[in-house]
Amino acid sequence: MRRLIVRNPVSYPILIGEGVLEEVRTPEGPSALLYDRRVEGFALKLAERLGVQHQLGLEGGEGAKTLAVYGQVLSFLAEKGLPRNTTLLVVGGGTLTDLGGFVAATYLRGIPYLSFPTTTLSVVDASVGGKTGINLPEGKNLVGAFHFPQGVYAELEALKTLPPFTFKEGLVEAFKHGIISREEGLLEVEDLTPESPRLEAYLAQAVAVKVRITEQDPTEKGERRLLNLGHTLGHALEAKTRHALPHGAAVAYGLLYAALLGKLLGGEDLTPLVLRLLRWLSPPPLPRVSWEDLLPYLLRDKKKVSESLHWVVPLAPGRLVIQPLSEETLREAFTAWREVLEGLGLVDQII
């Protein structure tokens, strides 16, 4: 079992391994459980162990991150008359983690919560750092708040039930952390499976990168923006496809685009590195999409500063810049991106 401690802006533990549920301690007061129905057995076992009386199961996926579902969960808590010292236990993947954290941030102006990530994506990304939120039809994660959990408990036994692609796509975020940190071990994903002896250490290493960055910049004013590598184009692809394209696949496609931007700006050619990731991931092919199709979503991206959209561009592992880029550069990279993906057979047709 690996134990990490986040110290800023609030202190909370992150436990990763098998048997971590034995370490869970809930604060005094009532509690409620919000869980993904796909892991209902795991969630109800947790509820029984901790004596949680109030439980709500939802369908996971991006469909859970809507205003309607958000309102449903708030009403559930309100109908039970749960007070401000209620602890919300959130069990599920990245979407339930984002939703549950946002509910906790806003119900009665904020209640404590514990996170129990059950996918690789939620272990290495969504459960750490206090970013919570939901989507709007106009774009991904446009509504949210920074609200930090009181503990994260990643039980690796839960990962053994994941479909192979779901297991892999979460590791795209860990691979991204490898580019940001220049930690080569995070770039080696091909041998990882739910039974891999090095999985626990790998996930802990990826989480440690995010912890270091978010401790320095909890509310994303500076260095934390590096964690958006691959996400600007990736979020636009998700929104344009109405989330038919899974998050990990979208970020992998976004990483390729970012690598091509870095090459255009005179950096190292990181495209072979990202292409290795794409071949291992074997993501769903992209539907027909053009630069003009994506532009409205890019212009509404939450990472805009004033009127400029700032791109995270890798010039080399461990050396990244964040800056606005010219329309000419963006379109040139998009053309190159299109050609590479067509050559790999990873697109139905990009025009």
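Note that the structure is predicted; figures quoted are calculated from it, not measured. The figures here come from the full heavy-atom set of this structure, side chains too, leaving out hydrogens, waters and symmetry mates.
Side-chain atoms of E268 never come within 3.5 Å of backbone atoms of A316 as a donor-acceptor pair (strictly under, hydrogens ignored). The backbone N or O of K221 lies less than 3.5 Å from a partner atom in the side chain of D217, making a donor-acceptor pair. The closest donor-acceptor contact from the side chain of T87 to the backbone of P112 lies at 3.5 Å or more, if one exists at all. Side-chain N or O atoms of S181 include one that pairs as donor or acceptor with a backbone N or O of H177 at under 3.5 Å. Judged purely by atom type and a 3.5 angstrom limit, T166 has no side-chain atom pairing as donor or acceptor with the backbone of L162. Using modelled atom types, no side-chain atom of S282 and backbone atom of R279 make a donor-acceptor pair closer than 3.5 Å. Within the 3.5 Å criterion, the main-chain N or O of A333 finds no donor-acceptor partner in the side chain of R338. Remark: the backbone N or O of S196 is paired with a side-chain donor or acceptor of T193 at under 3.5 angstrom. The backbone N or O of G57 lies less than 3.5 Å from a partner atom in the side chain of R37, making a donor-acceptor pair. In this structure, the side chain of R224 engages the main chain of P218 through a donor-acceptor pair within 3.5 Å.
Counting only heavy atoms from C-beta outward, the side chains of P324 and L309 never approach each other to under 4.5 Å. When side chains are defined from C-beta on, V152 does not count as touching L4, because their heavy atoms never get closer than 4.5 Å. Contact annotation: the side chain of L74 never approaches that of F76 to less than 4.5 Å [non-hydrogen atoms, C-beta and beyond]. At a threshold of 4.5 Å between non-hydrogen side-chain atoms, the residues R7 and I5 count as touching. At least one side-chain heavy atom of T232 sits under 4.5 Å from a side-chain heavy atom of L298. Using a 4.5 Å heavy-atom threshold, the side chains of V312 and Q323 count as separate. L58 has its side chain within reach of Q72: a pair of non-hydrogen atoms, C-beta onward, lies under 4.5 Å apart.
One distance of note links CG of L277 with CG of L275; it measures 9.0 Å at 0.5 Å rounding. The distance from atom CG of L89 to atom CG of L34, rounded to the nearest 0.5 Å, is 10.0 Å. Atoms CG and CZ, on L320 and R225 in that order, are 12.0 Å from each other to the nearest 0.5 Å. Atoms CG and CG, on L121 and L171 in that order, are 9.5 Å from each other to the nearest 0.5 Å. Separating the CG atom in D125 from the CG atom in L227 is a distance of 7.5 Å, to the nearest 0.5 Å.
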- Message: Working note: L273 + F175, criterion side chain to side chain contact (heavy atoms under 4.5 Å, CB included); need CA distance, chi angles, decisive distance, verdict.
- Response: CA-CA 10 Å; L273 187 67; F175 182 94; 3.7 Å; yes
- Item | Candidate pair D98 and T95, rule side-chain hydrogen bond (donor to acceptor under 3.5 Å, both in side chains), full reasoning | CA-CA 5 Å; D98 286 352; T95 55; over 6 Å; no
- Task: Kindly determine whether K176 and I180 satisfy side chain to side chain contact (heavy atoms under 4.5 Å, CB included), including the steps that lead there.
- Result: CA-CA 6 Å; K176 176 203 72 178; I180 293 170; 4.1 Å; yes
- Message: Run L237 and Y297 through side chain to side chain contact (heavy atoms under 4.5 Å, CB included) and show every step you take.
- Response: CA-CA 9 Å; L237 291 169; Y297 300 100; over 6 Å; no
- Check the pair L99 / I134 against side chain to side chain contact (heavy atoms under 4.5 Å, CB included), numbers first and verdict last. CA-CA 6 Å; L99 170 69; I134 57 176; 3.9 Å; yes
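Cluster membership for M1 and Y202, using ILVMFWY side-chain heavy atoms within less than 4.5 angstrom, is not shared. V340 and L330 fall within a single hydrophobic cluster, where Ile, Leu, Val, Met, Phe, Trp and Tyr side chains are chained together by heavy-atom contacts under 4.5 Å. Under a hydrophobic-cluster definition in which Ile, Leu, Val, Met, Phe, Trp and Tyr are linked whenever side-chain heavy atoms come within less than 4.5 Å, directly or via other members, V251 and L203 are assigned to the same cluster.
Among F334, W311, W337, the one residue that satisfies the side chain to side chain contact (heavy atoms under 4.5 Å, CB included) test with L261 is W311. Just one residue in the list H235, H231, E62 forms a side chain to side chain donor-acceptor pair (under 3.5 Å) with K140, and that residue is E62.
Residues H247 and E238 have side chains that bring a donor and an acceptor to within less than 3.5 angstrom of each other. Residues E40 and Y35 bring a donor and an acceptor atom of their side chains to less than 3.5 Å of each other. Counted by atom type alone, E220 and N228 present one or more donor-acceptor pairs between their side chains at under 3.5 Å. Of the N and O atoms on the side chains of K131 and N141, not one donor lies less than 3.5 Å from an acceptor on the other residue. Side-chain atoms of S127 and Y153 include no donor-acceptor pair closer than 3.5 Å.
Looking at every heavy atom in both residues, L315 comes nearest to G262 through CD2-O, 4.0 Å. Closest of all the heavy-atom pairs between A126 and T97 is O-CG2, 3.5 Å.
Using a 4.0 Å cut-off between charged nitrogen and carboxylate oxygen, E190 and R276 count as a salt-bridge pair. Note on D191 versus R198: salt bridge recorded, some NZ/NE/NH1/NH2 to OD/OE distance being below 4.0 Å. Of the charged side-chain nitrogens involved, none lies within less than 4.0 Å of a carboxylate oxygen, so that K160 and E155 do not count as a salt-bridged pair. The residues E173 and K168 are annotated as not salt-bridged, no charged nitrogen and carboxylate oxygen being separated by less than 4.0 angstrom. A salt bridge does not link K263 to E332: none of the charged nitrogens lies less than 4.0 Å from a carboxylate oxygen.
By the 30° and 60° cut-offs, the orientation of the rings of Y113 relative to H147 is parallel. Ring-plane geometry between F148 and Y12 is classed as tilted, the angle between the planes lying from 30 to 60 degrees on a 0 to 90 degree scale.
Heavy-atom neighbours of R212 CZ from other residues, nucleotides or ligands within 6.0 Å: above the threshold of 12.
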